[in-house]
Amino acid sequence: VQLQASGGGYVQAGGSLRLSCAASGRTFSSSAVGWFRQAPGKERVFVAVIGGVTHYADSVKGRFTISRDNVKNMVYLQMNSLKPEDTAVYFCAARPWDLRVVTALDLYDYWGQGTQVTVSS
């Protein structure tokens with residue numbers, strides 16, 4: 001599976017952005033896809049995953065929504081009510097589909113390049 005993230009940009013606090021993750025490969029429909037983010041000087045952390053289960057980090061729950069379109073091989077992250085602390089490079093990643101909630105970075109096999117999200121106060 002090859003992944004490419006896009007849709008980042010600059011937005012004011014309270015605004016919205018929708019990130020897209022385009023996937024190629026015949027195994028996409030059997031993959032769980034997660035979003036992660038990395039703020040300057042900080043570690044990359046889990047944001048959301050969609051696969052056998054859908055799960056969000058507490059910091060984004062109620063504001064972000066992950067969805068997928070298996071026909072188009074796309075996964076989306078709708079981000080609403082953005083805060084300055086959401087500023088980060090966002091990455092999508094894929095791993096085999098299962099029913100566990102997997103948030104550990106090292107359990108994801110495929111990664112796309114990041115897309116920058118900047119939220120101004």
Side-chain angles (χ1 to χ4, degrees):
V1 177
Q2 293 183 322
L3 305 170
Q4 184 168 357
S6 63
Y10 183 94
V11 65
Q12 290 187 332
S16 298
L17 283 174
R18 188 178 81 156
L19 304 184
S20 298
C21 179
S24 62
R26 291 181 294 175
T27 60
F28 173 75
S29 61
S30 62
S31 298
V33 179
W35 284 98
F36 296 79
R37 66 187 182 185
Q38 187 167 16
K42 295 188 177 180
E43 295 183 348
R44 194 173 300 185
V45 297
F46 169 81
V47 174
V49 63
I50 187 166
V53 295
T54 300
H55 182 72
Y56 299 90
D58 287 344
S59 59
V60 306
K61 202 171 293 183
R63 299 187 298 122
F64 290 11
T65 302
I66 190 170
S67 61
R68 69 189 298 162
D69 183 334
N70 285 340
V71 174
K72 296 181 178 179
N73 278 10
M74 297 289 292
V75 172
Y76 304 100
L77 186 68
Q78 178 66 43
M79 307 186 296
N80 299 327
S81 302
L82 283 162
K83 304 175 181 180
E85 51 263 44
D86 295 318
T87 294
V89 178
Y90 284 71
F91 301 85
C92 57
R95 64 180 307 277
W97 179 294
D98 63 38
L99 295 179
R100 298 176 298 165
V101 174
V102 177
T103 63
L105 280 69
D106 58 356
L107 296 181
Y108 284 78
D109 303 313
Y110 306 98
W111 289 83
Q113 91 294 352
T115 185
Q116 176 71 48
V117 172
T118 303
V119 184
S120 65
S121 58

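Any value given below was found using the heavy atoms of this structure, including those in side chains, with hydrogens, waters and symmetry copies removed. Keep in mind the model is a prediction, meaning the values are calculated, not measured.
Put simply, the side chain of Ser67 does not reach to within 4.5 Å of the side chain of Gln78, judged on heavy atoms. Leu19 has its side chain out of reach of Phe91: every pair of non-hydrogen atoms, C-beta onward, lies at least 4.5 Å apart. Residues Asp109 and Pro96 are in side-chain contact: their nearest non-hydrogen atoms beyond the backbone lie under 4.5 Å apart.
Arg95 contributes atom CZ, which lies 10.0 Å from atom CG of Asp106 (distance to the nearest 0.5 angstrom). Of the inter-residue distances, the one linking Asp69 atom CG with Ser29 atom OG reads 12.0 Å to the nearest 0.5 angstrom. To the nearest 0.5 Å, the span separating CE on Met74 from SG on Cys21 amounts to 7.5 Å. Expressed to the nearest 0.5 Å, how far OG of Ser31 lies from CG of Asp98 amounts to 11.0 Å.
Looking at every heavy atom in both residues, Phe28 comes nearest to Ala23 through CD1-CB, 3.2 Å. Shown here for Trp111 and Phe36, the closest heavy-atom pair between the two residues is CH2-CD1, 3.5 Å. Of all the heavy atoms in Thr87 and Pro40, the pair that sits closest is O-CD, 4.5 Å. Between Thr115 and Gly8, the shortest heavy-atom contact is OG1-N, 3.0 Å. Annotation for Ser121 and Pro84: closest pair CB-CG, 3.8 Å, computed over non-hydrogen atoms. Between Arg63 and Asp86 the shortest heavy-atom distance is NH1-OD2, 2.7 Å.
Cluster annotation: Val117 is connected to Phe64 through the hydrophobic network of ILVMFWY side chains, with a link wherever side-chain heavy atoms come within less than 4.5 Å. Under a hydrophobic clustering in which Ile, Leu, Val, Met, Phe, Trp and Tyr are joined whenever their side-chain heavy atoms come within less than 4.5 Å, directly or via other members, Leu105 and Leu107 fall into the same cluster. Both Val75 and Leu17 are part of a single hydrophobic cluster, where members link through side-chain heavy atoms under 4.5 Å apart.
A salt bridge is defined here as a Lys NZ or Arg NE, NH1 or NH2 lying under 4.0 Å from an Asp or Glu carboxylate O, and Lys61 with Asp58 meets this definition.
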side-chain contact (heavy atoms from CB on, under 4.5 Å) assessment of Tyr108 paired with Val102: CA-CA 9 Å; Tyr108 284 78; Val102 177; 3.8 Å; yes
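The side chain to side chain contact (heavy atoms under 4.5 Å, CB included) test with Trp35 is passed by exactly one of Val47, Ile50, Val60: Val47.
Applying the side-chain hydrogen bond (donor to acceptor under 3.5 Å, both in side chains) definition to pairs two or more places apart or across chains, those involving residues 40-49 are Gln38-Arg44.
Of the possible donor and acceptor atoms, one in the side chain of Tyr56 sits under 3.5 Å from a partner among the backbone N and O of Ile66.
Few gaps surround CD on Gln113; more than 12 heavy atoms of other groups in view lie less than 6.0 Å from it. The environment of CD in Glu85 is crowded: more than 12 heavy-atom neighbours from other residues, nucleotides or ligands sit within 6.0 Å. Within 6.0 Å of CD in Gln4 there are 12 or fewer heavy atoms belonging to other residues, nucleotides or ligands.
Side-chain contact annotation: Tyr90 with Arg37, donor-acceptor N/O pair under 3.5 Å present.
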